[in-house]
Amino acid sequence: MTIAPASAQILPLPMSACPNARLALFAIRRIGAHGLGDAHAAHALLNAFGEGFRRPLVLMRALMADIAGTAVNPISIAPCCCNRMTTAEDAVLTILARVETTPDTARLLLADLLGVRRIDGVLASAAALAAAFADSGRPISG
């Protein structure tokens, strides 16, 4: 019998291969752990988007605030240094990747993640954030 390391049980998924998804995940982790005003998240988006960083930053903050205010289930996030993801982090990145192309899938996944049925506001925030990344040439792929 083989015993998997604890990190593989807590963080079961590998990091996304998409650099834009990794950037979004970094911001999600920083804001989730340190609050909406986290300077490291803002700095990462400034470096990635240049002068156009404000739109993705404000929308990332709005999404995180909407998720925190709506979720009835706990949403686990890993520390920024981890090379693996939680299932909740993977779900958020999948939602961001699919919200424009397959919105019904994104809607169901978001409802499962948050544990509520009325997720229209949070879904709109996710769509706006995904559009901000895509409009700046950094589409999030899952």
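The salt bridge (charged side-chain N to carboxylate O under 4.0 Å, His left out) pairs that include a residue from residues 50-62 are Arg55-Asp135, where partners are two or more places apart or lie in different chains. Among residue pairs with one or both ends in residues 58-89, none qualify as ring pair (Phe, Tyr, Trp, His ring centres under 6.0 Å); sequence neighbours excluded. Residue pairs meeting the salt bridge (charged side-chain N to carboxylate O under 4.0 Å, His left out) criterion with at least one member in residues 12-25: none, sequence neighbours excluded. Among residue pairs with one or both ends in residues 11-42, none qualify as ring pair (Phe, Tyr, Trp, His ring centres under 6.0 Å); sequence neighbours excluded. A ring pair (Phe, Tyr, Trp, His ring centres under 6.0 Å) check over residues 92-140, counting only residues at least two apart or in different chains, returns the pairs Phe49-Phe133. Sorted by first and then second residue, the salt bridge (charged side-chain N to carboxylate O under 4.0 Å, His left out) pairs with a member in residues 28-41 read Arg29-Glu89, Arg30-Asp38; sequence neighbours excluded.
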Just distance, no hydrogens or angles: give the donor-acceptor pairs under 3.5 Å from side chains in residues 67-81, sequence neighbours left out.
residue: Thr70; atom: OG1; partner: Asp66; partner atom: O; Å: 2.7

Under 3.5 Å donor-acceptor pairs involving side-chain atoms of residues 111-123, not counting sequence neighbours:
residue: Asp120; atom: OD1; partner: Arg107; partner atom: NH1; Å: 2.6
residue: Asp120; atom: OD1; partner: Arg107; partner atom: NH2; Å: 3.3

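Residues passing the side chain to side chain donor-acceptor pair (under 3.5 Å) test with Asn47, sequence neighbours excluded: His43. Listed by chain and residue number, Asn20, Ala134 satisfy the side-chain contact (heavy atoms from CB on, under 4.5 Å) test with Pro139 (two or more places apart in sequence, or in another chain). Scanning for salt bridge (Lys or Arg N to Asp or Glu O under 4.0 Å) contacts around Arg98 gives an empty result, with sequence neighbours left out.
Shortest non-hydrogen contact noted between Leu11 and Cys82 is CD1-SG, 3.7 Å. For the residue pair Leu36 and Met64, the shortest heavy atom distance occurs at CD2-CB, 4.2 Å.
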